[in-house]
Amino acid sequence: MAARTVADPDPRRFDPMDPATQELFDAAAAVRANAHAPYSRFPVGAAIRSASGVIFAGCNVESVSFPEGICAEAAAIGAMVSAGEREIVEVVTVAGGERVTTCCGGCRQRIREFADPTTPVHAAGPEGVRRSFTMAELLPESFGPEHLA
Ligand code: THU
């Protein structure tokens with residue numbers, strides 16, 4: 001059973017031990033093993049639950065032409081959209097190191113495309129979820145598809 005190591009400022013908002021979140025964590029941790037990260041040596045896994053309940057996972061895929069690498073979140077979103085889904089209901093990312101690794105700025109915008117302000121995004125280490133955020137906390141006052149509607 002995964003344990004939380006860093007306290008969420010408001011642990012009542014989300015339950016990171018929720019079985020559905022655990023399932024998402026397991027998928028992200030598993031796909032992280034396939035990361036291609038020989039340059040950063042920082043493998044990341046991401047798992048998304050879509051509106052239909054299906055889990056889509058992706059890992060970071062680096063390139064010797066460094067800027068061409070893609071993040072784990074981008075790979076997971078690509079898998080979801082390729083399967084014909086357009087709505088993200090929960091995200092877990094898994095990365096190593098001591099710190100809480102949150103999604104990069106570009107991936108926050110990528111998730112925002114398919115999420116709403118209340119969508120939970122959990123930042124995990126290999127041992128389990130460390131911090132949980134809403135989409136709006138990660139990307140406040142964001143630009144979204146509705147602005148072009
Ligand atoms: N990375 C991700 O895949 N997702 C994140 O949320 C943070 C960073 C990747 C990009 C790069 O391959 C490596 O981690 C180091 O930045």
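Every number for a ligand or one of its atoms is a count from 1 in the order of the listing. Quick note: residue numbers are just sequence positions, from 1.
Taking CD1 of I88 as the reference point, atom CD of E113 lies at 9.5 Å (rounded to 0.5 Å). Atom CG of L24 and atom CD1 of I55 lie 5.0 Å apart (nearest 0.5 Å).
Every protein residue with a heavy atom nearer than 4.0 Å to ligand 1 is included here: S40, F42, V44, N60, E62, C71, A72, E73, T102, C103, C104.
Screening residues 77-101 for ring pair (Phe, Tyr, Trp, His ring centres under 6.0 Å) gives no qualifying pairs among residues at least two apart or on separate chains. Evaluation of the ring pair (Phe, Tyr, Trp, His ring centres under 6.0 Å) test over residues 50-80, restricted to residues two or more places apart or in two chains, returns Y39-F66. Each salt bridge (charged side-chain N to carboxylate O under 4.0 Å, His left out) pair with one or both residues in residues 49-75, not counting sequence neighbours, appears once here: E23-R49, R49-E90.
Within 6.0 Å of CD in E141 there are 12 or fewer heavy atoms belonging to other residues, nucleotides or ligands.
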